[in-house]
Amino acid sequence: MITAPDLIIAVGPALFEVVVTGKGDGEVRDVFLADPQEPATGQPGDLVLGLGLRGAEDAVELVERCTAGSASGVVVRTTLAHEPTVVAAAERWQLTLVALQPSVTWAHVVWLLRGVIDRAAAPDSPAAGDAGVHQELFALADAAAAIVDAPVTIEDNQSRVLAYSSGQDFTDPTRVSTIVGRRVPAEVIAHFRARGIFRRLARSSEPFLVPDGPNGIRPRLVVPVRAGGEWLGSIWAVVDGPVSEEVTTELSNAASVLALHLLRLRAQADVARRSAIDRLRTILRQFSPDNPVDVRLPPQPWRVVALGSPDGYDVPQQLDLWESTGRRYGWSEPQLADLDGTVLAVVTDNEGPGSWTWLSKLVTEQAKATPGTVAAAGGPARGPADLPSSRAEAVELLGLVRRGLAPGPALRVEEAWHVLTVHRAVTSLDTTKMDGPLATLLRHDIEHSTGFVETLQAWLEYPGQPQRAARQLHLHTNTLRHRMKRIGEIAELDLSDPRERLALQLQIAAVRTEH
């Protein structure tokens with residue numbers, strides 16, 4: 001399922017803008033081209049496209065007709081979408097109103113949105129995936145190569161190769177390495193970055209020539225690919241030197257078409273990512289053998305890890321941060337989801353990227369440069385049914401690490417079982433109904449401004465070691481012994497009883513936690 005706002009977010013801000021967010025629960029199943037001369041405006045599940053509207057009055061009427069037809073949303077050109085009467089009508093009827101940039105045709109909008117909707121409807125179906133878009137990218141690479149009469153690659157804004165033309169025989173070793181590795185080699189990226197190539201790509205939409213470089217790097221004609229001012233990728237052609245203005249104009253036109261394909265590819269990838277997160281979130285919340293969820297998980301055994309980021313990041317940002325960090329350090333398919341405000345990962349207990357051993361080392365290194373980076377791992381999960389309990393342990397342990405009650409930055413439940421045990425016992429106590437000798441000492445401390453509870457706590461923490469307890473309290477040992485004698489006179493204590501000592505420690509911990 002995908003709603004109209006989610007669909008627009010998936011495509012990105014280059015072409016669309018959500019002006020009014022509607023009820024938010026209307027699924028989009030198709031797009032509908034609305035003709036102002038026709039009374040019909042689609043049906044529930046349709047995202048209506050306002051084709052041929054002559055002014056704000058037509059747009060308001062279309063909003064009302066879409067509301068009557070229970071449409072999921074309406075898309076109109078930017079100038080109409082921001083008209084006060086149109087905005088007011090959409091807000092009154094709680095209908096999602098989307099603004100479309102004037103640079104794209106309605107036919108392209110239909111093609112772009114339907115591809116994303118199909119992907120959302122069947123995220124695991126090859127027919128609904130991005131295979132078709134990739135095939136079209138290779139066809140575009142061949143078309144661009146024919147225009148410039150040179151080998152061509154199409155890359156995204158991360159220098160990853162998305163497609164390349166046939167006939168790469170007459171190129172340089174750098175281009176061969178780029179195609180084989182599916183991304184530009186690091187040393188070549190460093191060379192281009194030093195020459196300001198990526199800075200120019202990010203800022204300009206005009207094609208430009210990159211001179212030859214070291215290690216046999218031949219000249220390149222580079223064409224930025226942009227949509228609505230957003231840099232999406234580029235076309236790279238290995239050429240012998242400057243090319244004609246006619247050729248660069250044709251390549252620029254090809255880049256405009258390519259921009260729509262890259263938007264669709266990115267949107268489909270975003271929809272697939274959202275679907276994978278939803279499925280993982282479901283199985284982490286509660287596993288049901290009667291309703292199994294198809295989730296791609298690493299080799300067993302697993303464990304769930306609760307991840308923490310520095311202050312200032314919201315949950316979606318944390319999710320993006322952990323995904324990009326994991327991929328950058330070799331985790332090709334991070335199994336991540338957010339649940340109840342916490343980012344969670346499912347890792348394997350084996351070795352290598354995506355394992356707890358690997359992740360704990362990564363978090364420890366990251367925490368040195370970015371304090372606040374923490375990870376807490378729950379117990380092993382031998383099957384899907386164990387994942388919810390592992391998740392609960394991880395979340396509980398993360399809370400203790402963040403509060404400084406357990407050591408970080410990377411900790412698993414086996415290393416903190418005693419901390420968890422005490423924490424669970426302490427949090428189960430009702431301090432409003434405190435009884436026994438501790439209640440007597442608390443009242444005495446309040447009435448006489450003494451610190452007998454603190455003294456007793458130190459004595460219990462260092463059994464048989466009065467010198468260490470005294471040092472913690474900054475007292476002389478004899479003073480500590482005198483205070484303990486006085487405590488015994490105020491409250492009836494039997495510190496020789498291990499159960500009484502344990503009960504007192506739990507009660508003190510509960511009181512300290514409250515404060």
* Let me know which of Val346, Leu387, Leu336, Leu344 forms a side-chain contact (heavy atoms from CB on, under 4.5 Å) with Leu280. =>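 The single option meeting the side-chain contact (heavy atoms from CB on, under 4.5 Å) with Leu280 is Val346.
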* To do: Check each of Val48, Val20, Val74, Leu62 against Leu95 using the side-chain contact (heavy atoms from CB on, under 4.5 Å) test, and report the only one that passes.
  =>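 Only one option passes, and that is Val74.
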Testing the basics here: between [X] and [Y], what is the closest heavy-atom pair and its distance to 0.1 Å?
X	Y	value
Ser159	Phe198	OG-CE2, 3.5 Å
Asp240	Pro219	O-CG, 4.2 Å
Leu397	Arg412	CD2-C, 3.7 Å
Ala141	Ser165	O-CB, 3.5 Å

* **Residue pairs involving residues 324-375 (criterion ring-ring contact (aromatic ring centres under 6.0 Å, His included); sequence neighbours excluded)** =>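 Only Trp331-Trp358 qualify under ring-ring contact (aromatic ring centres under 6.0 Å, His included).
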* **Side-chain donor/acceptor of Arg226 to backbone N/O of Ala202, under 3.5 Å** =>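 Judged by distance alone, yes, a pair lies under 3.5 Å.
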* To do: Say whether, by atom type as modelled, one donor and one acceptor occur between the side chain of Ser324 and the main chain of Asp320 under 3.5 angstrom.
  =>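 Flag set: sc Ser324 to bb Asp320 pair under 3.5 Å.
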* Does OH in Tyr313 sit with more than 12 non-hydrogen atoms of other residues, nucleotides or ligands closer than 6.0 Å? ->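 Result for OH/Tyr313: open.
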* Salt bridge flag under 4.0 Å for residues Arg327 and Glu323 ->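 Result for this pair is yes, salt bridge flagged.
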* Mind checking the CZ-OG1 spacing from Arg160 to Thr153? Nearest 0.5 Å is all I need. =>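 Result: 14.5 Å between the selected atoms.
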* Starting at CG of Leu258, measure out to CG of Leu232 and round the result to the nearest 0.5 Å. =>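 These two atoms lie 8.5 Å from each other.
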Got [X] and [Y] here, is their nearest side-chain heavy-atom distance under 4.5 Å?
X	Y	answer
Arg274	Ile9	yes
Leu265	Leu137	yes
Val239	Leu209	yes

